[in-house]
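A quick write-up on the structure given underneath.
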Amino acid sequence: MFENVNIVLSLLLAIAPVVLALAEHFIGKCKPLFLVLNALYMAFACVFLLAKEGTLAGLLIVVCVALAVRLFLEILTGRKDK
């Protein structure tokens, strides 16, 4: 199922959304700016992967890593609010 997936490229493209999510969490200000930057980067990453003949599994890796980090940070924020 995943024999033609370039995992290294997918994980390299997943670094920027992780950095943007961490910056959004720790800076706290300009939250809409980080959301817009993250959305633009994810669109760019999807187009780039498809242009480099990546598969949908590669896109799934990028999206899952970004969402997992964002979910983890939301859980941490929820625990701080209690």
Side-chain angles (χ1 to χ4, degrees):
M1 179 176 167
F2 294 108
E3 60 267 353
N4 294 332
V5 177
N6 191 350
I7 295 175
V8 175
L9 180 62
S10 299
L11 291 178
L12 285 176
L13 287 174
I15 291 173
V18 170
V19 170
L20 286 172
L22 288 171
E24 177 187 343
H25 177 73
F26 288 117
I27 293 174
K29 297 178 184 177
C30 301
K31 207 168 194 170
L33 175 68
F34 286 114
L35 289 175
V36 169
L37 286 175
N38 200 4
L40 288 175
Y41 180 80
M42 290 301 288
F44 166 75
C46 291
V47 170
F48 181 77
L49 266 176
L50 291 177
K52 290 289 185 182
E53 297 180 3
T55 60
L56 290 178
L59 291 174
L60 184 64
I61 291 171
V62 174
V63 170
C64 285
V65 168
L67 289 177
V69 170
R70 187 165 292 279
L71 178 64
F72 177 71
L73 292 175
E74 288 294 325
I75 290 171
L76 285 180
T77 304
R79 287 186 180 175
K80 284 182 186 178
D81 290 342
K82 281 187 175 183

Identify whether [X] and [Y] are in the same connected component of the hydrophobic contact network (ILVMFWY, side-chain heavy atoms under 4.5 Å).
X     : Y     : value
Ile15 : Val8  : yes
Phe44 : Val36 : no
Met42 : Leu56 : yes
Leu11 : Leu22 : yes
Leu59 : Leu9  : yes

Would you be so kind as to tabulate the donor-acceptor pairs closer than 3.5 Å made by side chains of residues 69-76, with sequence neighbours excluded?
{"from": "Arg70", "atom 1": "NH1", "to": "Glu24", "atom 2": "OE1", "distance (Å)": "3.0"}
{"from": "Arg70", "atom 1": "NH2", "to": "Glu24", "atom 2": "OE1", "distance (Å)": "3.4"}

Hydrophobic clusters join Ile, Leu, Val, Met, Phe, Trp and Tyr when side-chain heavy atoms are under 4.5 Å apart, directly or via other members; which others share one with Phe34?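 When side chains under 4.5 Å apart are linked, the cluster holding Phe34 also contains Leu20, Ile27, Leu33, Leu37.
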Which atom pair, heavy atoms only, marks the closest approach of Pro17 to Asn38?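 Where Pro17 meets Asn38 most closely, the heavy atoms are CB-OD1, 3.5 Å.
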Atom pair CG (Leu60) and CG (Leu49), whose distance is rounded to the nearest 0.5 Å: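 Between atom CG of Leu60 and atom CG of Leu49 there are 11.5 Å.
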Calculate, to the nearest 0.5 Å, the distance between atoms OH and CG belonging to Tyr41 and Leu13 respectively.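 Interatomic distance, Tyr41 OH to Leu13 CG, rounded to 0.5 Å: 4.5 Å.
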